[in-house]
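A short write-up of the structure that comes next.
What you see below is based on every heavy atom in this structure, not just the backbone, and it leaves out hydrogens, waters and symmetry mates.
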Amino acid sequence: MTAAMPPAIFADLAPVSGNGGTAATPARAAAESAVTKPPASARRAGAGYALLNAIIALLLIVLLLPVLVAVAVAVLLDGGPVLFRQARVGRDGAEFSMIKFRSMVVDAEARLDALRVFDEGAGPLFKMARDPRITRVGHVLRKFSLDELPQLFNVVGGTMALVGPRPALASEVAQYGPLARRRLAVKPGLTGLWQVSGRSDLSWEESVRLDALYVERWSPLFDLSILVRTIGPVLRGGGAY
């Protein structure tokens, strides 16, 4: 069951079909033009906005240091390495190493093929509400998005932003249609429009439309509103698995 979206969010985007494609509309034409070219507002922000993101992320790391240490200890006591690194695709298709607190068993990726028959998602994303690979501590971390906190270091390093589309796997990007590839026009984010609009309860089509809408309407104020709206879903822990 997907979360109900406010009609205004999708007012100018037609229903999506196949790998993030849409019927012909002016909004879709704008979204698909210059697939990996960021909007003018994002280009104007440039390095200054990236530096601001890095400074805020660094401040958050300092403020959240006790939480980071507590989570690291909990993951360590649960067995296995504390951090999980995975290659993801960022802006303009450049790959980078994304950091997370480990929330799955150490051989999770090796077990994935055996679980694909239980895939509850659509599109290229693998979704399983009761994934047996998630550890006891991992369930708590994912519910409140604590496993994502190390990505603040990615923001400091410049490979991610505080707000943006979900950082995707190369195998997922290989299945992207034109509209979905629009995600690559900006840096992936620690949070984003789809995360505050239903998280994993959203369908693939809904998440694609939200990310395309974010890219086209990007502004610092839009980012700020998403950051503020992130607090509620994280505290409620809904739609995360």
Report yes or no: does [X] contribute a side-chain atom to a donor-acceptor pair with the main-chain N or O of [Y] at less than 3.5 Å?
X	Y	value
Gln195	Gly192	yes
Asp92	Ala185	no
Tyr214	Arg209	no
Thr159	Asn154	yes
Lys187	Gly90	no

Which distance, rounded to the nearest 0.5 Å, do you find between the [atom1] of [X] and the [atom2] of [Y]?
X	Y	atom1	atom2	answer
Glu205	Leu179	CD	CG	11.0 Å
Leu83	Leu76	CG	CG	10.5 Å
Leu58	Ile55	CG	CD1	8.5 Å
Arg217	Leu193	CZ	CG	9.5 Å
Thr230	Ile226	OG1	CD1	7.5 Å

Hydrophobic cluster identity match, [X] and [Y], side-chain contacts under 4.5 Å:
X	Y	value
Leu221	Tyr49	no
Val105	Val140	no
Leu68	Leu59	no
Val173	Leu169	no
Val67	Ile56	yes

Please check if atom CZ in Phe222 has more than 12 non-hydrogen atoms from other residues, nucleotides or ligands closer than 6.0 Å. yes
Side chains of [X] and [Y]: closer than 4.5 Å at any heavy-atom pair?
X	Y	result
Leu64	Leu152	yes
Met98	Met160	yes
Asp211	Trp194	yes
Leu146	Leu149	yes
Leu162	Asp223	no
Trp218	Val186	no
Pro167	Phe96	yes
Gln151	Pro188	no

Shortest non-hydrogen contact from [X] toward [Y]:
X	Y	answer
Leu210	Ser197	CD1-CB, 3.7 Å
Ala54	Val156	O-CG2, 3.8 Å
Phe144	Val234	CD2-O, 3.2 Å
Pro81	Val75	O-CG1, 3.7 Å
Leu141	Asp147	O-OD1, 3.4 Å
Phe101	Val71	CD1-CG1, 3.4 Å

Taking side-chain hydrogen bond (donor to acceptor under 3.5 Å, both in side chains) as the criterion, tell me which of Arg182, Arg181, Arg183 meets it with Tyr176.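 Considering Arg182, Arg181, Arg183, a side-chain hydrogen bond (donor to acceptor under 3.5 Å, both in side chains) with Tyr176 is found only for Arg183.
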Looking at [Y] and [X], is any side-chain nitrogen of the basic one under 4.0 Å from a carboxylate oxygen of the acidic one?
X	Y	answer
Arg88	Glu172	no
Lys100	Glu148	yes
Asp78	Arg136	yes

Does any pair with a residue in residues 50-77 pass side-chain hydrogen bond (donor to acceptor under 3.5 Å, both in side chains), and if so which ones, sequence neighbours excluded? none
Among residues two or more places apart or on two chains, list those pairs meeting side-chain hydrogen bond (donor to acceptor under 3.5 Å, both in side chains) that have a residue in residues 57-74. none
Could you walk me through whether Arg91 and Leu184 pass the side chain to side chain contact (heavy atoms under 4.5 Å, CB included) check? CA-CA 5 Å; Arg91 181 174 174 176; Leu184 305 181; over 6 Å; no
